[in-house]
Colleague: 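Here's a structure for you.
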Amino acid sequence: MALLGLTSKRRLKSRSQFDRVFDHKCCSRDKYFAVYACPNNEQGPRLGLVVSRRVSRRAVDRNRIKRQIREDFRLSAAGLKELDYVVVARSAALEETGAAIRASLQQHWKRLNKQCGNS
RNA sequence: GAAGUCGGCUGGACAGUCGCUGUGUGUCUUGCCUGCAAGACAUGUGGAGGAAAGUCCGGGCUCCAAAGGGCAGGGUGCCAGGUAACGCCUGGGGGGCGAGAGCCUACGGAAAGUGCCGCAGAAAACAGACCGCCGAUGGCCCCGAUGUUCGCAUCGGGCGCACAGGUAAGGGUGAAAAGGUGCGGUAAGAGCGCACCGCGCCGCUGGUAACAGCGGUGGCAGGGUAAACCCCACCCGGAGCAAGACCAAAUAGGGGAGCAUUGGCGUGGCCCGCGUUGCUCCCGGGUAGGUCGCUCGAGCGUCGCGGUGACGCGGCGCCCAGAUGAAUGACUGUUCUCGACAGAACCCGGCUUACAGGCCGACUUCCUUU
């Protein structure tokens with residue numbers, strides 16, 4: 001079936017999980033995001049988000065960015081390999097909406113699947 | 001109708017598809033102590049704000065000792081009431097602004113002490129005098145009369161001098177210079193005297209009080225600054241849900257009883273106090289992670305009663321987010337006046353700040369019409 005859900009199983013939760021992904025040093029970045037990835041043991045694609053206070057002081061803005069990332073991940077998840085992803089937002093992401101963010105994320109997914117999926 | 005003042009409400013709507021999260025029900029799977037736990041699926045149902053914000057006050061709750069005594073430190077500051085409490089709110093008083101509805105107000109004490117007061121000005125805190133006014137009185141000068149021992153003395157006169165001295169009315173400076181206006185008075189002036197206003201003190205009346213009114217009395221206290229130190233009155237112990245409690249891997253930190261009371265360490269800034277460390281015996285331990293705390297509450301709606309009001313009391317009805325790497329979204333369509341500020345994180349009461357618009361009520365002033 002298509003993986004359209006994004007339940008708590010599909011999210012990264014603990015600090016150790018995040019650290020593992022960062023330590024793997026498999027990364028793709030542009031002016032909106034830095035996306036890290038790391039293979040997991042066939043748990044399906046999982047997502048972690050980092051939107052720091054430096055991106056925007058307003059909680060509303062940070063929530064909006066997270067929702068856009070989460071939504072795109074949810075819709076793309078069927079085509080992704082079994083990796084843990086961590087998306088770190090950068091301040092440029094604040095200025096853009098919808099389409100530009102979509103396009104950027106699609107690039108990242110593709111690149112990381114190629115780069116990290118074989119290792 | 002226009003301009004304005006005050007108070008309150010609201011914060012796009014509808015439909016479909018996919019998705020997140022709490023919870024009820026059902027089915028299935030797994031586990032075993034056979035009715036519970038976990039998971040999956042289906043279905044029903046709830047799911048950000050008026051400020052959720054700033055974290056500026058106040059409280060609940062939790063631990064620290066039960067939060068206790070003293071010092072230090074901090075806060076508040078007209079009066080009365082409301083409240084769990086407040087720096088909040090309500091009512092009242094004083095002062096200021098406005099034509100008015102109304103608005104603003106850190107509004108205790110400067111005869112306890114200390115500090116500071118730029119520029120200007122003669123002088124800035126102690127009664128002093130730069131210009132000016134006067135010069136009655138005393139002095140000097142001039143004139144006259146009388147007396148004369150020819151030095152001068154006495155008396156009278158002078159738009160005379162401004163030496164002594166008297167003034168603070170006027171000028172000028174300033175935020176501020178011994179209360180203001182008028183009349184009398186005087187050499188000129190001055191609370192020097194009087195009237196009215198202001199101020200202090202005393203009394204009476206009204207008011208719970210702040211305070212107000214009236215009467216009497218004193219010619220009149222001496223600058224400002226206390227969001228400067230300070231004094232007075234009242235209030236305040238500290239830390240915060242990462243509080244704290246429980247279940248529990250690795251690794252090896254703990255708990256109880258008895259003895260010792262000196263010293264070390266810790267506890268809120270200090271002292272007291274309290275805890276701990278030391279030795280002996282006994283017991284099994286609690287970081288990662290998880291569960292609880294965690295939402296039924298100083299709750300919301302409505303009606304009645306009391307109160308000027310804040311608010312209180314009672315009846316009836318209702319359950320209204322509980323996430324935890326952190327949920328409210330995405331897409332499509334329709335529609336309108338094209339949507340601001342902005343996202344719960346233990347919970348309440350306030351304050352402050354941000355905000356596209358829209359709606360309602362009360363009142364004031366002006367204009368027009370009947």
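Below, read A as the first sequence line, B as the second, and so on, with proteins coming before strands; counting in each chain starts at 1. Because the structure is a prediction, the values reported are computed rather than measured.
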Colleague: Using whole Å, what does the distance between atom P of nucleotide B:rC331 and atom CG of A:D72 come to?
Modeller: 11 Å
Colleague: Measure from CG on A:N63 to P on B:rA321 and round the result to the nearest Å.
Modeller: 19 Å
Colleague: Would B:rC320 be called syn or anti here, given the cut-off of 90° from 0?
Modeller: syn
Colleague: How far does the P atom of B:rA323 sit from the matching atom of B:rU291, given to the nearest Å?
Modeller: 10 Å
Colleague: Determine if the base of B:rG50 is syn or anti; take syn to mean the glycosidic torsion is within 90° of 0.
Modeller: syn
Colleague: Considering every strand shown, what is the Watson-Crick or G-U wobble mate of B:rA136 when both distances are under 3.5 Å?
Modeller: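 By the stated definition (distances under 3.5 Å), nothing pairs with B:rA136.
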Colleague: Quantified in whole Å, what is the P atom distance between nucleotide B:rG222 and nucleotide B:rA110?
Modeller: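 Rounded to whole Å, the distance is 12 Å.
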Colleague: On a whole-Å scale, what distance lies between the C1' atoms belonging to B:rA13 and B:rA243?
Modeller: 45 Å
Colleague: Specify the residue among A:R57 and A:K66 whose closest nucleotide of RNA chain B lies further upstream toward the 5′ end.
Modeller: A:K66
Colleague: Which nucleotide wins on minimum distance to the side chain of A:E71, given the candidates B:rA327, B:rG329, B:rG343?
Modeller: B:rG329
Colleague: Could you check which nucleotide pairs with B:rG200 in any of the strands shown, counting Watson-Crick or G-U wobble with both distances under 3.5 Å?
Modeller: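 The base-pairing partner of B:rG200, which may sit in any strand shown, is B:rU217.
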Colleague: If we call it a pair only when both distances are under 3.5 Å in a Watson-Crick or G-U wobble match, what pairs with B:rG317?
Modeller: B:rC300
Colleague: To the nearest Å, how far apart are A:R62 CZ and B:rA326 P?
Modeller: 14 Å
Colleague: Syn or anti for B:rG151, please, going by whether the chi angle lies within 90° of 0.
Modeller: syn
Colleague: Across all strands, who's sitting opposite B:rG81 as a Watson-Crick or G-U wobble pair, both distances under 3.5 Å?
Modeller: B:rC89
Colleague: Applying salt bridge (Lys or Arg N to Asp or Glu O under 4.0 Å), name anything that partners A:D30, two or more places apart in sequence or on another chain.
Modeller: none
Colleague: Would you say A:S76 and A:Q106 make side-chain contact, with heavy atoms under 4.5 Å?
Modeller: yes
Colleague: Distance between the P atoms of B:rA85 and B:rC71, in whole angstroms?
Modeller: 27 Å
Colleague: Walk me through it: do A:Y85 and A:F73 pass the test side-chain contact (heavy atoms from CB on, under 4.5 Å)?
Modeller: CA-CA 10 Å; A:Y85 302 88; A:F73 178 82; 3.8 Å; yes
Colleague: Which one of A:R102, A:R67, A:K66 satisfies the salt bridge (Lys or Arg N to Asp or Glu O under 4.0 Å) criterion with A:D72?
Modeller: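 Of the listed residues A:R102, A:R67, A:K66, the salt bridge (Lys or Arg N to Asp or Glu O under 4.0 Å) partner of A:D72 is A:R102.
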Colleague: Would you mind reading off the distance between A:I65 atom CD1 and B:rA326 atom P, rounded to a whole angstrom?
Modeller: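 It is 15 Å, rounded to the nearest whole Å.
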Colleague: Using the purine O4'-C1'-N9-C4 or pyrimidine O4'-C1'-N1-C2 torsion, is B:rA321 syn (within 90° of 0) or anti?
Modeller: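 With its glycosidic angle more than 90° from zero, B:rA321 counts as anti.
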Colleague: State the pairing partner of B:rG206; accept Watson-Crick or G-U wobble contacts with both distances under 3.5 Å, and report none otherwise.
Modeller: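 Pairing partner, where one exists within any strand: B:rC211.
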Colleague: Name the nucleic acid region contacted by A:R67, choosing base, sugar-phosphate or nothing; use a 4.0 angstrom heavy-atom cut-off, strictly under.
Modeller: base
Colleague: Testing the basics here: between A:P39 and A:L83, what is the closest heavy-atom pair and its distance to 0.1 Å?
Modeller: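 Looking at all heavy atoms of both residues, the closest pair is CA-CD2, 3.5 Å.
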Colleague: Quickly work out the A:D61 CG to B:rA53 P distance and round it to whole Å.
Modeller: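 My rounded result for the distance is 16 Å.
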Colleague: In whole angstroms, how far is the C1' atom of B:rA323 from the CG atom of A:L49?
Modeller: 15 Å
Colleague: Do the side-chain N or O atoms of A:R74 get closer than 4.0 angstrom to the phosphate oxygens (OP1, OP2) of B:rG19?
Modeller: no
Colleague: When you compare B:rU262 with B:rG275, how far apart are their P atoms, in angstrom units rounded to a whole number?
Modeller: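 Approximately 16 Å lies between the P atom of B:rU262 and that of B:rG275.
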Colleague: Does B:rC130 have a Watson-Crick or wobble mate here (both distances under 3.5 Å), and if so which one?
Modeller: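 B:rG171 - that is the nucleotide pairing with B:rC130, both distances being under 3.5 Å.
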Colleague: Tell me, please, which residues at least two apart from A:R58 pass salt bridge (Lys or Arg N to Asp or Glu O under 4.0 Å).
Modeller: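 Expected list: A:D61.
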Colleague: For B:rC86 and B:rG59, measure between their P atoms and round to the nearest Å.
Modeller: 8 Å
Colleague: Does the side chain of A:C26 reach to within under 4.5 Å of the side chain of A:L112, using non-hydrogen atoms?
Modeller: yes
Colleague: Given the P atoms of B:rA190 and B:rG185, what is the spacing between them in whole Å?
Modeller: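 About 13 Å, rounded to a whole number of Å.
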Colleague: Considering Watson-Crick and G-U wobble pairs with both distances under 3.5 Å, what does B:rA288 pair with?
Modeller: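 Its partner is none (no Watson-Crick or G-U wobble pair with both distances under 3.5 Å).
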Colleague: Which is more 5' along RNA chain B, the nucleotide nearest A:V60 or the one nearest A:V86? Just name the residue.
Modeller: A:V86
Colleague: Using atom CD of A:Q68 as one end and atom P of B:rU328 as the other, report the distance to the nearest whole Å.
Modeller: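 My rounded result for the distance is 12 Å.
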Colleague: Could you tell me how far apart A:R64 (CZ) and B:rA326 (C1') are, to the nearest whole angstrom?
Modeller: 19 Å
Colleague: Any non-hydrogen side-chain atom of A:F33 less than 4.5 Å from a side-chain atom of A:S28?
Modeller: no
Colleague: Using the C1' atom in both, what is the distance from B:rG237 to B:rC270, to the nearest Å?
Modeller: 14 Å
Colleague: Given that both distances must come in under 3.5 Å, which nucleotide forms a Watson-Crick or G-U wobble pair with B:rG268?
Modeller: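 No nucleotide pairs with B:rG268.
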Colleague: Counting side-chain heavy atoms from CB outward, which of B:rA326, B:rG19, B:rG343 is closest to A:R70?
Modeller: B:rA326
